[in-house]
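In what follows, a structure is listed as structure tokens, so that the remarks can point back to it.
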Amino acid sequence: MTTPAPPRQYWLMKSEPDECSIDDALAAPGATVPWTGVRNYQARNFMRDAMRVGDGVLFYHSSCPEPGIAGLAEVASDIEPDPTQFDPESPYHDAKASRDAPRWLLRQVKATRKTRLISLDELRQVPELADMTVLKRGNRLSITPVTEAEWTRILRLMDQPAA
DNA sequence: GCCAACGTTGGC
DNA sequence: GCCAACGTTGGC
């Protein structure tokens, strides 16, 4: 008896386009980038415990003039230690982390498509997306789960002209 | 640059 | 284990 493959899950992952935009990710070798810099335990635990290779990713641009979903990607590797935690020169350096006991993890993320930018304002106008974590007031989590219904609705939005 | 919201730290 | 102070995030 074989174990059925777990259903595909979906995530929204925030990236500052100054650091890594969807264009940067698509231009990387294999269109794949290491998702460095996650320094929040809840987001780390999503990567560690819940993500599976092949999960769908909404590539979100944050802390920029036009925040919103800018493309699609997928989870492309198992977890690895985030090397920036060991680098004293890095803004993500963590003095309490060691190679023997890494605190922070990453996964490789493979960009698959740049889309038209779906702004926060546009997302907020879609009733079916009202419960999305990223739209909740005060939300700061850089990785949040997305339901299949939300994923499907957003894909549909992407293929129609801006409202 | 402001500031609301929230996570983390550390004294007790 | 509580909770005030502090730091960070991220939209505006």
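All heavy atoms count here, side chains included; hydrogens, waters and symmetry mates do not.
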- line: Apart from W104(A) itself, its cluster of hydrophobic side chains linked below 4.5 Å comprises Y41(A)
field: Donor-acceptor contact present, side-chain D82(A) to main-chain G37(A), <3.5 Å
entry: yes
statement: Scoring nucleotides 5-12 of chain C by protein non-hydrogen atoms under 4.0 Å (B base, S sugar-phosphate only, - none) yields --BBBBSS
task: Test salt bridge (charged side-chain N to carboxylate O under 4.0 Å, His left out) on D159(A) and R113(A) and set out the steps.
output: CA-CA 12 Å; D159(A) 290 326; R113(A) 173 151 91 96; 3.7 Å; yes
- prompt: Would you say the side-chain atoms of K114(A) pair up with the backbone N or O of A70(A), donor to acceptor, closer than 3.5 Å?
  reply: no
query: With no hydrogens and no angle check, is any side-chain donor or acceptor of R107(A) less than 3.5 Å from a backbone partner on M47(A)?
result: yes
